[in-house]
Number of protein chains: 2
Amino acid sequence: MNVAGPAYDEEAVDLGEITGSLGFLLRMAQLKAFDFFFRTLDGENLRPGEFTVLWVINLNPGLRQGTFARRLKIKPAHMTKLVARMVDQGLVHREIPQDDRRSVRLSLTEGGSAFVARYREKFLHLHLAERSDLTVEESATLIHLLKRYAGIDGDGPCL
Amino acid sequence: MNVAGPAYDEEAVDLGEITGSLGFLLRMAQLKAFDFFFRTLDGENLRPGEFTVLWVINLNPGLRQGTFARRLKIKPAHMTKLVARMVDQGLVHREIPQDDRRSVRLSLTEGGSAFVARYREKFLHLHLAERSDLTVEESATLIHLLKRYAGIDGDGPCL
DNA sequence: CGCAAAAAGTTTCCACGTAAACTATTTTCT
DNA sequence: AGAAAATAGTTTACGTGGAAACTTTTTGCG
């Protein structure tokens, strides 16, 4: 039955020193995280990026589109499309303020707030699943170091 | 002159509990890593993924295309295109073995080997730059935890 | 053997994200 | 005030990566 044994392992691939590359590891890790995301929110038509944007608008209603984009490192062109889609879905409200008609202020519609509220639980639950292979301490360390590396300030409540 | 002060910070954006999400942090971290990559290898026409594939073929010449793809979590469709491009560039050699004409065995051409050798140094140097914000210890911990999380075995020589 | 199923890649089509050029507003400078 | 520069977002055109369907070759089985 070959349990847990790499005995019958097709062909071994040596990765060499590339396993010391943060870039490489981050990519592999991200694929795993995506996996968790889509497995946990199976069936729901929810993309990681979209949810993040809704989440942040919910916490900071009325800020400018570009402010959100910069903070989340989303490129303007992409942000435009993201927002357009969410407006189409009736989740986000766009307002052009009269004192600066170049800008766009974003907030959630009632539907948008409900949407975030509805997924909040699943989203938080996701954090647990995500970390299943690491101990609680290791998870905390990993998250702390990633924040440091990525330059994200607040050491706020992290589950 | 506003040094190091977030005093004149456009508009503060609260990220809330999403900073505890591995998926979110991994995305932010990856963007930073890409940044390092392209800054360090400025001007060179080199993509992270391409280099990784060449690197691994170099270490394991003659394995099947699909074996490489699975190990690096590259989808078959994408792998086909990647390999085609590298063959066009004269870096990779494809061989259809007679004992199984469905499969493709990959190895580097002389040009391919030279290419990897040429970038090896820059690539290793990159590891240092990448970690500039973390101490050596922290870097090691981060890398170790990412390996664990991503399920990458060998704790091989990591720089 | 000969046909069904599996395996390895490839092709086609589509979604996501970006860079570059563009439009519309506001600010700055003389 | 009025031209030049800067700012905010949008549009277009493209490159990367993926899912699904397809081709070819090999394996399993009656």
Side-chain angles (χ1 to χ4, degrees), chain A residues 8 10-11 13 23-24 26-28 30-35 37-38 42 45-53 57 62-89 92-106, chain B residues 8 10-11 13 23 26-28 30-31 33-35 37-38 42 45-53 57 62-89 92-106:
Chain A
Y8 177 33
E10 49 167 21
E11 294 179 287
V13 182
F24 174 75
L26 286 170
R27 177 174 165 274
M28 300 302 262
Q30 203 184 29
L31 290 176
K32 183 139 189 172
F34 270 45
D35 229 54
F37 186 91
F38 287 115
D42 187 38
N45 188 26
L46 187 61
R47 240 67 51 73
E50 281 181 12
F51 185 69
T52 302
V53 172
I57 295 176
L63 297 192
R64 279 177 301 152
Q65 177 169 319
T67 304
F68 288 119
R70 269 186 300 281
R71 185 70 195 267
L72 300 176
K73 299 204 194 179
I74 295 172
K75 294 291 179 292
H78 187 207
M79 193 66 176
T80 295
K81 293 181 213 172
L82 261 177
V83 170
R85 232 181 299 149
M86 296 189 300
V87 168
D88 285 348
Q89 294 180 296
V92 167
H93 173 71
R94 283 168 47 103
E95 182 178 351
I96 312 285
Q98 281 312 308
D99 65 317
D100 185 347
R101 304 207 329 273
R102 294 170 302 184
S103 64
V104 179
R105 301 270 169 188
L106 299 179
Chain B
Y8 176 35
E10 48 168 19
E11 294 179 289
V13 181
L26 286 170
R27 177 174 165 275
M28 300 303 262
Q30 203 184 27
L31 290 176
F34 270 45
D35 228 54
F37 185 91
F38 288 115
D42 188 36
N45 188 23
L46 186 63
R47 242 66 52 74
E50 282 180 13
F51 185 70
T52 302
V53 172
I57 295 177
L63 297 192
R64 280 177 301 151
Q65 177 169 319
T67 305
F68 288 119
R70 269 187 299 282
R71 185 69 195 267
L72 299 176
K73 298 203 195 181
I74 295 172
K75 293 294 179 292
H78 187 208
M79 192 68 174
T80 295
K81 294 179 215 173
L82 260 176
V83 171
R85 233 182 295 149
M86 298 190 298
V87 168
D88 285 348
Q89 293 180 297
V92 167
H93 174 70
R94 283 167 46 105
E95 182 180 350
I96 312 286
Q98 282 312 308
D99 65 315
D100 184 348
R101 305 207 329 275
R102 292 169 304 182
S103 65
V104 179
R105 300 270 168 189
L106 299 179

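Because only heavy atoms are used, hydrogens play no part in the values below, and waters and symmetry mates are left out as well, while side chains stay in. Chain letters run A, B, ... following the sequence lines, proteins first and then strands; every chain starts at 1.
No hydrogens or angles were tested; on distance alone, nothing pairs the side chain of B:Lys81 with the base of C:dT11 as donor and acceptor under 3.5 Å.
Residues A:Val92 and A:Arg85 fail the side-chain proximity criterion, which asks for heavy atoms closer than 4.5 Å. Proximity of A:Met79 to A:Leu72: side-chain heavy atoms (C-beta onward) are nowhere separated by under 4.5 Å. Counting heavy atoms from C-beta outward, B:Arg105 and B:Arg94 have side chains that stay 4.5 Å or more apart.
Nearest nucleotide to the B:Ala77 side chain, out of C:dA6, D:dT12, C:dT11: C:dT11. Of the listed nucleotides (D:dA6, C:dT18, D:dG17), D:dA6 has the atom at the smallest distance from the side chain of A:Arg102. The side chain of A:Lys75 sits closest to C:dT18 out of C:dT18, C:dG9, D:dG18. The side chain of B:Val104 lies closest to C:dT10, out of C:dT26, C:dT10, D:dA13. Closest to the side chain of B:Arg64, out of D:dG18, C:dA8, D:dT10, is C:dA8. Taking every side-chain heavy atom of B:Arg85 into account, D:dT16 is the closest of C:dT25, D:dT16, D:dT26.
Between the P atom of D:dG17 and the CD atom of B:Gln30 lies a distance of 10 Å, rounded to the nearest Å. If you take CZ of A:Arg94 and C1' of D:dG9, they are 8 Å apart, rounded to a whole angstrom. Distance, A:Gln98 CD to C:dA24 P: 17 Å, rounded to whole Å. Distance CD1 (B:Ile74) to C1' (C:dA8): 16 Å, rounded to an integer number of Å. The CD-C1' distance, from A:Glu11 to C:dA7, rounds to 14 Å in whole Å. The CD-P distance, from B:Glu50 to D:dT16, rounds to 7 Å in whole Å. The interatomic distance linking A:Asp99 (CG) with C:dA24 (P) rounds to 20 Å, in whole Å. The distance from atom NE2 of A:His78 to atom C1' of D:dT11 is 15 Å, rounded to the nearest whole Å.
Annotation for B:Ala33 and A:Gly23: closest pair CB-CA, 4.1 Å, computed over non-hydrogen atoms.
Taking only side-chain nitrogens and oxygens, B:Thr80 comes nearer than 4.0 Å to OP1 or OP2 of C:dT10. Between A:Arg101 and the phosphate of C:dA24, there is no side-chain N or O to OP1/OP2 separation shorter than 4.0 Å. Close to D:dT16, at under 4.0 Å from its OP1 or OP2, lies no side-chain N or O of A:Arg27.
Judged by distance alone, with hydrogens and angles left aside, the side-chain atoms of A:Arg27 form a donor-acceptor pair with the main-chain N or O of B:Lys73 at under 3.5 Å.
Nearest-nucleotide assignment on DNA chain C puts the 5′-proximal partner with B:Asp100, out of B:Asp100 and A:Leu82.
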